[in-house]
Amino acid sequence: MFISAPPICKLFVSWKFLYFRQIIRRMRLTFSSKEILMKQTVFIKDLRNLDQQEVTLHGWVVGKRSGGKIVFLLIRDGTGTCQCIVEAAQKELFDTASSLGQESSLSITGKIRLDSRAPGGAEMSVTGLQPIQVADNFPIARKSHGIDFLMTHRHLWLRSPRQTAILRIRHTLIRAVRRFFDDNGFTLIDTPILSPGAAEGAGTLFPVDYFGEEVYLAQTGQLYLESAAMALGKVYCFGPTFRAEKSKTRRHLTEFWMVEPEIAFAELPDLAEVAEAMLCALVDSVLKVHREDLAFLGRDVAALEKIKPPFPRITYTEAVELLHSPDVRARIEKELQADRERLQQWIGELDGAEKQRAVAKPGWPSDKLDQQLQDLRERIHELDIDIAHRTEHLSDAQRFEWGNDFGGDEETIISRHFDRPVVVTKYPRRVKAFYMKVAPDNPEVVLNMDVLAPEGYGEIVGGSQREDQLDVLLKRMAEEGMNTAPYEWYLDLRRYGSVPHGGFGLGIERTVSWICGLKHIRETIPFPRLMGRIYP
RNA sequence: UCCGGUGUAGCGCAGUGGUAGCGCAGGUGACUGUUAAUCACUUGGUCGUAGGUUCGAAUCCUACCACCGGAGCCA
């Protein structure tokens, strides 16, 4: 038929074909092709629009409740959860449904019905059930677990609603980071992960055998980025970073992700401005999409809504004065006093609850009491330790001497003084890296900045204007006792068209931790790498 | 590396020198609307390991191991 068709028709067909192909291509390019590659067509997140329709879901069993002649299966598919109902009248279905353990995988078919009694508002009356794999004794129950157990079962722990909420927020945050730089004229530069030895602070790097030579996993892309900035003006890199420090704290990972912009013709105030705009954009984009997830995590959203420019900017010297100030001391002592009273009150409550428990009969009321007791004990223990730490921190802060670097305690005290991130600039030269530009008006300090997140989350951004004068840079390297030979390429940047420039690094996981309001950084990355933990 | 804490059933925890306990999970049964369902019954333990003190140790002492939190360092 095509062969016999008139030429004009052939032309039309091929034109149409080309047009269609173009649409498909465009869809792929913009990622707007919704789930185009999957067999699955119906997702739980869309069920509210499918009232009275028969659909098939593919997913996993979250939980099961039975009520005599009725079974409720709670199913999740990665987009949400749906309650599915099987009644005893359908004997075979009923028996199959009753036999499914937590996290069994299945395809399930039924009619969707909007119902206020169902979690999520829509439920399914099951007409067909195809188990894919029946799971038994899933290790993670829908009750409390200790952190060691959860960490060894991280691959399964990821399925819990709390973890998926965090991972979704992490995803949005990373997208927002890329979008911010892409939309502001930055070019993405991928810097190497294997780097030659003799870098600064070599003790903190992971050694790797490179054909018999010892090289290291990168702890920053910065030096390479500087050369790219001389080529493209505004650049950034985004990738994993490795630190072999033996830090066992809630703020440290040995492998984490960092985004680093580097800008030619930029000075310190420009960098602060970029960091400020970036952080606002990040918080904004998370608030836009993840109200529900943040609420689920128990995050105080009001605190995030305060993240608007301008951020306070203080110098290191002013920060030290802040640490010594009687105002700060008074504020912290007041907080401590309030917490001590809270602790006493809780201990009183615990005492009362224990007495109640002693005379309680077995059964439901005493279960509740047990729960309360455990809860109280845990809270008391945590607050007790916290108070002890803060008391120590306070006296340390008061004795802090100009010239030292801030530790976690000092950062906490400074950041708690403000309700939005604070930019601290111009640290003492001798505690900072060789590449930071010495302040023209005071050679004792460098043109660097740290951004401290509020609510005690500490440093999330660290950066500086770089030393762009060859002679000063060489002097600094000599001061640090560095061998210049491995850095000849870096020094070349100061020989051929050197310009003022600078950049900073943003730690993704610390930012996720702050935005989600988490107690520990280990929940911000799918498989955290911590000192002494590499499984799974 | 240093300081502090914890280790009791598959999981979460109580138990301060005198017979090993509670909740959840697992098993059996009851219940037609549950929301971490509920109720009854039930299986399950070399109390981290090794020594010591004692008539007697989960409990006291010593050493070691594992984990957690913090310091230093950093994002």
Side-chain angles (χ1 to χ4, degrees), chain A residues 62-74 81 83 85-89 94 101-102 115-120 123 136-153 161 201 203-204 219-220 241-260 354 357-358 360 362-364 366-371 373-375 377-378 381-382 384-386 388-389 392-393 396 404-409 411 431 433 450-453 457-463 504-514 519-522 530 532-533:
Chain A
V62 174
K64 182 177 66 184
R65 294 180 289 274
S66 61
K69 303 235 161 63
I70 191 167
V71 172
F72 299 92
L73 287 177
L74 197 57
T81 55
Q83 170 167 288
I85 293 144
V86 184
E87 295 187 52
F94 188 81
Q102 193 187 347
D115 192 314
S116 58
R117 290 172 297 183
E123 61 181 19
D136 248 354
N137 287 319
F138 186 68
I140 302 182
R142 299 173 77 188
K143 294 245 179 174
S144 58
H145 291 282
I147 194 60
D148 182 36
F149 181 81
L150 289 171
M151 289 296 285
T152 11
H153 294 85
T204 66
Q219 62 165 350
T220 169
T241 289
F242 306 89
R243 305 274 165 98
E245 267 129 23
K246 295 189 172 176
S247 305
K248 290 170 77 168
T249 82
R250 62 186 64 193
R251 299 187 306 279
H252 286 89
L253 292 165
T254 52
E255 177 184 318
F256 65 96
W257 288 67
M258 182 159 74
V259 62
E260 296 174 271
E354 269 173 346
R357 177 70 186 88
W364 188 81
S366 60
D367 296 357
K368 273 280 183 223
L369 274 172
D370 280 344
Q371 200 109 46
L373 283 174
Q374 262 175 45
D375 223 53
R377 284 196 187 104
E378 206 171 298
H381 182 72
E382 272 182 20
D384 196 28
I385 290 175
D386 192 35
H389 279 154
E392 218 172 286
H393 295 172
D396 285 355
N404 293 331
D405 203 356
F406 294 138
D409 327 342
E411 282 181 0
V431 300
D450 280 0
V451 180
L452 309 181
Y457 277 91
E459 184 179 348
I460 50 173
V461 166
F504 58 84
L506 169 83
I508 294 296
E509 286 76 15
R510 282 192 183 176
T511 309
V512 174
S513 189
W514 162 53
K519 279 194 197 149
H520 201 294
I521 199 165
R522 65 187 154 218
L530 299 154
R533 190 177 282 280

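If you're wondering where the values come from, they're calculated on a predicted model, not measured in any experiment. Protein chains get the first letters and strands the later ones, always in sequence-line order, with residue 1 at the start of each.
Within the structure, a side-chain polar atom (N or O) of A/R522 is placed less than 4.0 Å from OP1 or OP2 of B/G69. In this model, the phosphate group of B/C68 is not approached by any side-chain N or O of A/H520 to a distance below 4.0 Å at OP1 or OP2.
Nucleic acid contact class of A/V71 (heavy atoms, under 4.0 Å, all strands): none. In this structure, A/E255 reaches neither bases nor backbone, as no heavy-atom distance under 4.0 Å exists between it and the strands shown. Nucleic acid contact class of A/S66 (heavy atoms, under 4.0 Å, all strands): base. Counting any heavy atom pair closer than 4.0 Å across all strands shown, A/I85 reaches a base atom. Within the 4.0 angstrom heavy-atom criterion, base atoms lie near A/Q83. At a threshold of 4.0 angstrom between heavy atoms, the contacts of A/D409 are confined to the sugar-phosphate backbone, with no base atom among them. A/L253 comes within 4.0 angstrom of a base, heavy atoms only. A/D136 comes within contact range of no nucleotide atom at all, as no heavy-atom separation falls under 4.0 Å.
When the C1' atom is used for both B/C67 and B/U49, the distance is 15 Å, rounded to whole Å. As rounded to the nearest Å, B/A58 and B/A75 have C1' atoms that lie 44 Å from one another. Rounded to the nearest Å, the gap between the C1' atom of B/U8 and that of B/G15 is 9 Å. B/G18 sits 16 Å from B/C61 when the P atoms are compared, rounded to a whole Å. Nucleotides B/G69 and B/G17 have their P atoms positioned 31 Å apart, rounded to a whole Å. The separation of B/G56 from B/U16, taken at their C1' atoms, amounts to 16 Å, rounded to a whole angstrom. The separation of B/A57 from B/A50, taken at their P atoms, amounts to 15 Å, rounded to a whole angstrom. Between the P atoms of B/C13 and B/G48, the separation comes to 15 Å (whole Å).
Separating the CG atom of A/L150 from the C1' atom of B/G10 is a distance of 14 Å, rounded to the nearest angstrom. Whole-Å rounding puts the A/D148 CG to B/C13 P distance at 11 Å. Rounded to whole Å, the distance from CZ on A/F504 to C1' on B/C74 is 18 Å. One can place CZ of A/R65 at 10 Å from P of B/U34, the figure rounded to the nearest angstrom. One interatomic measurement links the two molecules: CD1 of A/I147 to P of B/C67, which rounds to 14 Å at whole-angstrom precision. At whole-Å resolution of the value, CD in A/E87 and P in B/U34 are 13 Å apart. Computed from coordinates, the A/M151 CE to B/C11 P distance equals 17 Å when rounded to whole Å. The NZ-P distance, from A/K246 to B/G70, rounds to 19 Å in whole Å.
A/H252 contributes a side-chain N or O that forms a donor-acceptor pair with the base of B/C74 under 3.5 Å. On a pure distance criterion of 3.5 Å, no polar donor-acceptor pair joins the side chain of A/T204 and the base of B/C73. A donor and an acceptor atom never sit less than 3.5 Å apart when one is taken from the side chain of A/T249 and the other from the base of B/G69. For a distance-only test at 3.5 Å, the side chain of A/R250 fails to qualify as a donor-acceptor partner of the base of B/C68. In the interface, the side chain of A/Q102 is not paired with the base of B/G26 through any donor and acceptor atom under 3.5 Å apart.
Rounding to the nearest 0.5 Å places CG of A/L253 at 12.0 Å from CD1 of A/I508. Atom CZ of A/R533 sits about 5.0 Å away from atom CG of A/D148, to the nearest 0.5 Å. A distance of 14.5 Å separates NE2 of A/H252 from NZ of A/K246, quoted to the nearest 0.5 Å. Taking CD1 from A/I147 and CZ from A/R522, the interatomic distance works out to 4.0 Å, rounded to the nearest 0.5 Å. Here A/D115 contributes atom CG and A/E123 contributes atom CD; the two are 4.0 Å apart, rounded to the nearest 0.5 Å. Note that OH of A/Y457 is 11.0 Å distant from CD1 of A/I521, once rounded to the nearest 0.5 Å.
Base-pair partner of B/G17: not found among the strands shown (Watson-Crick or G-U wobble, both distances under 3.5 Å). Nucleotide B/G7 has B/C65 as its partner under the Watson-Crick or G-U criteria, with both atom distances under 3.5 Å. The nucleotide B/U28 finds its pairing partner in B/A40, both defining distances of the Watson-Crick or G-U wobble pair being shorter than 3.5 Å. The partner of B/G72 cannot be assigned: no Watson-Crick or G-U wobble pair with both contacts below 3.5 Å exists in any strand. B/U59 makes up no base pair with any nucleotide shown, lacking Watson-Crick or G-U wobble contacts both under 3.5 Å.
You'll find that the side chain of A/K69 is closest to B/U32, out of B/C68, B/G33, B/U32. Of all nucleotides listed (B/G33, B/G26, B/A71), B/A71 comes nearest to the side chain of A/R251. The A/R533 side chain lies nearest to B/C68 when the options are B/C68, B/A75, B/G72. Comparing B/G33, B/C73, B/C74 by their nearest atom to the side chain of A/F72 picks out B/G33.
Taking for each of A/K64 and A/F256 the nucleotide of RNA chain B with the nearest heavy atom, the 5'-most of the two is the partner of A/K64.
In this structure, the side chain of A/S247 does not engage the main chain of A/T249 through any donor-acceptor pair within 3.5 Å.
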| request: Tell me, with the steps shown, if A/M151 and A/L530 meet side-chain contact (heavy atoms from CB on, under 4.5 Å). | output: CA-CA 11 Å; A/M151 289 296 285; A/L530 299 154; 3.7 Å; yes
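The aromatic rings of A/H145 and A/F149 lie parallel to each other, with less than 30° between the two planes, well short of the 60° mark.
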